[in-house]
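Since the structure comes first, as structure tokens, the remarks are kept for the end.
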Amino acid sequence: MSPIRVGPLPVGPLRAARPHARAAGAAAAAVLLSAALSSCSSGDPSAGKQDAKRGGAAAVTVSPQGSRAKAGEPVRVTARGGTLASVTVTDAKGGRLSGALSGDHRAWTSDRNAAPGTTYTIVTVTRTDDGTPGRSRTSFTTAAAERVNKVDWRPGDATTVGVAQPISLVFDRPVSNKAAVERQLKVTTSNGTVGSWGWMKDWSGKDRVDWRPKEYWRPGTEVTLDARLNGTDSGSDGGWFVRDYRVAFTVGARQVVKVDLDRKQLTVERDGKTVRTFPVSGGTPGPETGSWRGTEVVMAKEGSIRMNSETVGLGDAYDQKVDYAMRLTWSGTYAHAAPWNAAYFGRANRSHGCIGMSDADARWLYEHTTVGDPFEVKGAETKGRVALNNGLGDWNAGWDEWRERSAL
């Protein structure tokens with residue numbers, strides 16, 4: 001990179017100086033020719049000439065440079081023979097790239113990376129070592145992204161969720177630069193909740209990263225995710241992120257649904273107190289029809305839906321409408337009304353893996369359940385522990401195991 005030299009001008013109003021020459025093929029010269037430079041001096045008419053004679057000019061260097069500059073790096077401005085009083089970096093839409101001056105005011109670095117396909121204008125105010133002020137203006141444009149990565153996230157913005165709801169981001173394209181991406185994800189809570197990110201393959205096969213607390217959220221916690229991803233390269237196959245994401249949500253009441261499939265009953269606890277218990281029937285014991293055990297989080301309240309066994313690899317075992325359906329896993333586990341199984345409620349597990357109950361009990365549970373509420377399922381007749389990526393199964397890993405999934 002080559003310096004942009006800011007020199008003193010004769011006494012008078014602040015004005016722009018015009019470049020006088022071109023040096024084809026030289027990137028530094030291109031930057032110099034695009035810079036509008038000006039300075040002002042003291043009231044002494046001879047001050048400018050004296051400063052120039054003493055060589056009292058501040059040289060300003062900007063990185064990156066050019067019309068196809070590399071994105072994904074901070075903008076850096078340095079001064080030689082003087083100091084930086086201020087640096088302003090803006091894009092074509094008026095957005096500002098913030099940053100900080102070094103302790104000696106001879107360097108400035110943005111706190112965000114330059115995004116792809118963006119033109120930045122840099123205005124610097126300088127002061128030479130002998131006190132002469134100056135001003136420079138230049139610009140550069142980063143190369144456009146060949147591939148763009150996007151994010152799908154849970155929970156939704158401005159929602160109220162249960163105490164087991166993780167923050168979950170699923171990426172459209174592969175993420176090989178996991179550490180670089182994770183550094184741009186900032187979670188802020190109203191009470192200093194301890195938590196960690198953990199990477200996995202989503203049930204869909206896409207890369208996914210979740211943030212969960214060490215323990216269930218405290219009721220009333222206000223949570224904000226600032227995913228400052230614009231200008232972050234997710235890797236050669238994933239491409240660039242070209243926007244930021246921000247999500248804020250609130251944690252509601254502490255409600256835990258405990259399902260004991262040995263006793264064939266479901267208990268709802270709110271703030272540590274039992275508010276309702278009723279009989280249920282879980283999955284028929286077996287590797288295909290048994291229920292999962294472990295902590296399953298309510299992903300969605302889907303109401304009345306059609307359930308078709310062929311969609312979950314169980315042949316033509318069933319095809320029917322069910323009411324008050326609450327999804328617990330991607331593999332097809334729900335809690336729902338199952339009046340056809342009434343003879344087994346509280347007596348035997350005879351479903352195809354879901355947790356079934358009467359219409360009245362299912363309706364009550366549906367009306368009193370929040371997305372993010374945990375279902376803690378146990379029982380000797382279950383077929384195994386639910387996988388972390390099968391729904392929002394993050395809680396089925398111990399805290400130390402979960403932290404090891406972070407890329408940082």
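Every value quoted in this text rests on a predicted model; they were computed, and no experiment measured them.
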side-chain contact (heavy atoms from CB on, under 4.5 Å) assessment of Val62 paired with Tyr120:
CA-CA 11 Å; Val62 176; Tyr120 293 97; over 6 Å; no
Which of these, Thr329, Val371, Val298, Val297, sits in a side chain to side chain contact (heavy atoms under 4.5 Å, CB included) with Leu392?
Val297
Would you check, one step at a time, whether the test side-chain hydrogen bond (donor to acceptor under 3.5 Å, both in side chains) holds for Ser234 with Asn149?
CA-CA 7 Å; Ser234 62; Asn149 209 338; 3.1 Å; yes
Could you check whether Trp217 and Trp395 have their ring centres less than 6.0 Å apart?
no
Go through Asp361 and Leu266 one step at a time and tell me if the side-chain contact (heavy atoms from CB on, under 4.5 Å) criterion holds.
CA-CA 10 Å; Asp361 290 337; Leu266 179 152; over 6 Å; no
Lys214 side chain vs Trp399 backbone, donor-acceptor pair below 3.5 Å
no
Are there more than 12 heavy atoms of other residues, nucleotides or ligands under 6.0 Å from atom CZ of Arg276?
yes
Distance from Met299 atom CE to Ser168 atom OG, nearest 0.5 Å?
8.5 Å
Minimum heavy-atom distance Gly286-Lys383, with the two atoms named:
O-CB, 3.7 Å
Kindly say whether Thr119 contributes a backbone atom to a donor-acceptor pair with the side chain of Asp91 at under 3.5 angstrom?
no
Please round to the nearest 0.5 Å and tell me the distance separating atom CG of Asn177 and atom CD of Gln184.
11.5 Å
Would you check if the side chain of Asn396 reaches a backbone N or O of Gly393 as a donor-acceptor pair within less than 3.5 Å?
yes
Do the non-hydrogen side-chain atoms of Asn230 and Thr118 ever get within less than 4.5 Å of each other?
no
Hey, are the side chains of Arg127 and Pro133 touching, using non-hydrogen atoms and a 4.5 Å cut-off?
yes
OG1 of Thr277 to CZ of Arg263, rounded to nearest 0.5 Å, is 8.5 Å
Tell me, do Leu408 and Trp197 make a side-chain contact under 4.5 Å, heavy atoms counted?
no
Lys378 NZ to Thr295 OG1 distance, which is reported to the nearest 0.5 Å:
12.0 Å
Looking at every heavy atom in both Val77 and Ile122, which two are closest together, and how far apart are they?
CG2-CG2, 4.0 Å
Show, in sequence, the C-alpha distance, side-chain angles and deciding distance for Gln165 and Arg154, and conclude whether the side-chain contact (heavy atoms from CB on, under 4.5 Å) test is met.
CA-CA 9 Å; Gln165 175 71 54; Arg154 293 171 183 263; 4.2 Å; yes
Which pair of heavy atoms, one from Leu388 and one from Trp402, lies closest together, and at what distance?
CD1-CZ3, 4.4 Å
When rounded to the nearest 0.5 angstrom, what is the spacing between OG1 in Thr289 and CZ in Arg350?
9.0 Å
For a 4.5 angstrom cut-off between non-hydrogen side-chain atoms, does Lys264 reach Asn349?
yes
Got a salt bridge between Asp172 and Lys150, using NZ or NE/NH1/NH2 to carboxylate O under 4.0 Å?
no
Any donor-acceptor N/O pair, Ser351 side chain to Gly282 backbone, under 3.5 Å
yes
Note: Lys70 and Thr142 closest approach over all heavy atoms is O-CG2, 4.1 Å
Starting from the C-alpha separation in whole Å, work towards a yes-or-no answer on side-chain contact (heavy atoms from CB on, under 4.5 Å) for Tyr366 and Asp323.
CA-CA 10 Å; Tyr366 191 88; Asp323 296 325; over 6 Å; no
Under 3.5 Å, is there a donor-acceptor pair linking the side chains of Arg270 and Gln255?
yes
Under 3.5 Å: donor-acceptor pair, side chain of Ser291, backbone of Gly353
yes
Could you go through the salt bridge (Lys or Arg N to Asp or Glu O under 4.0 Å) check for Asp129 and Arg106 one step at a time?
CA-CA 11 Å; Asp129 289 336; Arg106 294 185 183 273; 3.2 Å; yes
Any side-chain heavy atom of Leu328 sitting closer than 4.5 Å to one from Trp292?
no
For a quick check under 3.5 Å, do Ser136 and Thr124 share a side-chain donor-acceptor pair by atom type?
yes
Closest heavy-atom pair and its distance - Pro116, Phe241
CD-O, 4.3 Å
Does atom CD (Glu367) have a neighbourhood of more than 12 heavy atoms from anything else shown, all under 6.0 Å?
yes
Counting N and O atoms only, with roles assigned by atom type, does the side chain of Ser102 sit under 3.5 Å from a partner on the main chain of Ala107, one being a donor and the other an acceptor?
yes
Give a yes or no on whether Glu401 atom CD has more than 12 heavy-atom contacts from other residues, nucleotides or ligands under 6.0 Å away.
yes
Residues Arg405 and Asp394 bridged, charged N to O under 4.0 Å
no
Taking every non-hydrogen atom, the tightest pair across Ala145 and Trp240
CB-CD1, 3.7 Å
Taking side chain as C-beta onward, heavy atoms only, is Val89 less than 4.5 Å from Ser110?
no
Would you say Arg96 has more than 12 foreign heavy atoms packed within less than 6.0 Å of its CZ?
no
So does Arg246 pair up with Asp226, basic N to acidic O under 4.0 Å?
yes
Check for me whether Arg173 meets the cation-pi criterion with Phe171, that is, NZ or CZ under 6.0 Å from the six-membered ring centre and within 45 degrees of the ring axis.
no
If the test is side chain to side chain contact (heavy atoms under 4.5 Å, CB included), which one of Asn113, Leu185, Asp111 qualifies with Arg228?
Asp111
Compare all side-chain heavy atoms of Phe375 with those of Val386 and state whether any distance is below 4.5 angstrom.
no
Do side-chain atoms of Asp202 reach the backbone of Gly205 as a donor and acceptor pair under 3.5 angstrom?
no
Interatomic distance, CH2@Trp203 vs CG@Asn390, rounded to 0.5 Å, equals 4.0 Å
Do Val181 and Leu229 have side chains that approach each other closer than 4.5 Å (heavy atoms only, starting at C-beta)?
yes
Decide, yes or no, whether a salt bridge links Arg208 with Asp152 under the criterion of side-chain N to carboxylate O below 4.0 Å.
no
